[in-house]
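Just so we're on the same page: letters track the sequence lines, and every chain starts at 1. FYI, side chains are in, hydrogens and waters are out, and symmetry mates aren't considered; it's all heavy atoms of this structure.
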There are 2 protein chains.
Amino acid sequence: MKLEKAAAQLEALGNPTRLQLYRILVRAGDDGLAVGSVQGKLDIPSSTLSHHLKRLVDTGLVTQERQATTLICRANYPGMNALIGYLADECCADAVCAPAVGKALV
Amino acid sequence: MKLEKAAAQLEALGNPTRLQLYRILVRAGDDGLAVGSVQGKLDIPSSTLSHHLKRLVDTGLVTQERQATTLICRANYPGMNALIGYLADECCADAVCAPAVGKALV
DNA sequence: ACTTAATTTCGAAAAATATGGAAATAACAT
DNA sequence: ATGTTATTTCCATATTTTTCGAAATTAAGT
């Protein structure tokens with residue numbers, strides 16, 4: 001993973017609203033969630049939500065699939081894994097932190 | 001870890017200059033690196049660097065220790081591990097991505 | 001074609017971030 | 001005390017981000 005891409009993904013997640021949004025999608029699992037359903041959970045205007053979603057989609061953290069008029073959004077696990085892998089590699093280049101990453105697995 | 005804190009750390013890392021800066025500190029290992037040495041590697045004005053460093057320190061990703069006139073900076077591994085753990089937990093809440101996280105360990 | 005529902009784009013204002021020169025501070029040596 | 005080096009704070013500016021109402025678009029359903 002290139003540093004620029006990692007930074008873009010980190011920045012995308014580095015906004016409380018978007019991180020919350022991403023969490024909601026993760027919790028929705030493989031079924032995903034329609035934009036409208038997400039809006040119900042976040043209670044923000046649709047245009048604001050659309051901008052945030054776009055950011056997550058553009059950076060490869062979320063995917064979207066049309067079903068008639070509704071747009072299903074899903075957390076893109078491979079994208080997140082690549083990011084976590086990048087961070088872990090950066091973090092563990094010299095150190096000491098493998099155990100804690102391991103802990104996240106349990 | 002609280003969502004707000006995770007978001008602040010992600011945002012701190014979500015800037016190419018700061019991510020590069022953080023990488024440099026990780027690679028410097030336990031010895032750390034003086035602010036001036038970092039500046040030499042990044043080639044940015046000291047005031048700009050100081051702002052970025054402050055952001056990483058404030059969010060708990062970097063620590064600093066005075067040695068006479070120079071300030072030694074170190075990557076704060078526990079801070080990063082907590083963040084990676086948070087992301088892994090969020091990501092793996094329902095899914096499918098444990099194997100990839102495992103891969104990051106190797 | 002017309003309507004309805006879902007979502008995005010446009011446009012614009014407020015807020016936050018990024019950048020860096022110049023001055024201030026910190027810590028020490030002489 | 002003065003000088004020197006290292007780093008931060010102050011200040012101002014340019015850019016980017018965030019926010020959201022209103023209008024436009026998309027995709028059915030009737």
Side-chain angles (χ1 to χ4, degrees), chain A residues 3-25 28 31-76, chain B residues 3-25 28 31-76:
Chain A
L3 181 136
E4 289 287 345
K5 183 177 182 182
Q9 291 185 329
L10 290 165
E11 191 189 40
L13 292 171
N15 169 283
T17 302
R18 281 194 299 267
L19 188 53
Q20 221 178 320
L21 164 49
Y22 184 80
R23 278 185 74 196
I24 287 171
L25 294 182
D31 292 341
L33 220 52
V35 175
S37 307
V38 177
Q39 198 196 344
K41 296 194 183 232
L42 279 179
D43 196 32
I44 58 176
S46 49
S47 71
T48 303
L49 173 57
S50 185
H51 284 304
H52 285 310
L53 261 174
K54 180 169 163 38
R55 189 81 157 264
L56 291 172
V57 170
D58 286 350
T59 51
L61 290 165
V62 164
T63 62
Q64 291 181 320
E65 180 198 353
R66 268 228 116 83
Q67 278 180 13
T69 49
T70 71
L71 244 195
I72 305 297
C73 307
R74 292 190 181 84
N76 181 31
Chain B
L3 182 136
E4 290 287 343
K5 183 177 182 182
Q9 291 185 329
L10 290 165
E11 190 190 41
L13 292 171
N15 170 283
T17 303
R18 282 194 299 267
L19 187 53
Q20 222 179 319
L21 164 49
Y22 183 79
R23 278 185 73 195
I24 288 171
L25 293 182
D31 293 342
L33 220 52
V35 175
S37 307
V38 177
Q39 198 196 343
K41 296 193 184 235
L42 278 179
D43 196 34
I44 57 176
S46 51
S47 72
T48 303
L49 173 57
S50 185
H51 285 305
H52 285 310
L53 259 175
K54 179 168 164 38
R55 188 81 156 265
L56 291 171
V57 170
D58 285 349
T59 51
L61 290 165
V62 164
T63 62
Q64 291 181 320
E65 179 198 355
R66 268 227 115 82
Q67 276 180 15
T69 50
T70 70
L71 245 194
I72 304 297
C73 308
R74 292 191 182 83
N76 181 31

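Side-chain N/O atoms of A:N15 include one lying less than 4.0 angstrom from OP1 or OP2 on D:dT18. Contact annotation: A:R18 side-chain N/O to D:dT17 OP1/OP2 distance is not under 4.0 Å.
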Readout for nucleotides 1-15 of chain D: B = base within 4.0 Å of protein heavy atom, S = sugar-phosphate only, - = neither; 5' to 3' it is ----BSSBBB-----

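In terms of the side-chain hydrogen bond (donor to acceptor under 3.5 Å, both in side chains) criterion, residue partners of A:E65 (sequence neighbours excluded) are, by chain and number, A:R74.
Rounded to an integer number of Å, the gap from CD1 of A:I44 to C1' of D:dT17 is 14 Å.
From the 5' end on, the contacts that DNA chain C makes with chain B at under 4.0 Å to a non-hydrogen atom open and close at C:dT17 to C:dC28.
B:N15 has its side chain out of reach of A:L10: every pair of non-hydrogen atoms, C-beta onward, lies at least 4.5 Å apart. Residues B:L61 and B:L25 are not in side-chain contact: their nearest non-hydrogen atoms beyond the backbone lie 4.5 Å or more apart. Contact annotation: the side chain of A:L13 never approaches that of A:Q9 to less than 4.5 Å [non-hydrogen atoms, C-beta and beyond]. The shortest side-chain heavy-atom distance between A:L33 and A:K41 falls under the 4.5 Å cut-off.
Across all strands shown, B:E11 has heavy atoms under 4.0 Å from sugar-phosphate atoms exclusively, and none from any base.
Side-chain N or O atoms of A:S50 include none that pairs as donor or acceptor with a backbone N or O of A:S46 at under 3.5 Å.
In terms of heavy atoms, A:E4 sits closest to B:P16 at OE1-CG, 3.7 Å. Shortest non-hydrogen contact noted between B:C73 and B:Q64 is SG-NE2, 3.6 Å.
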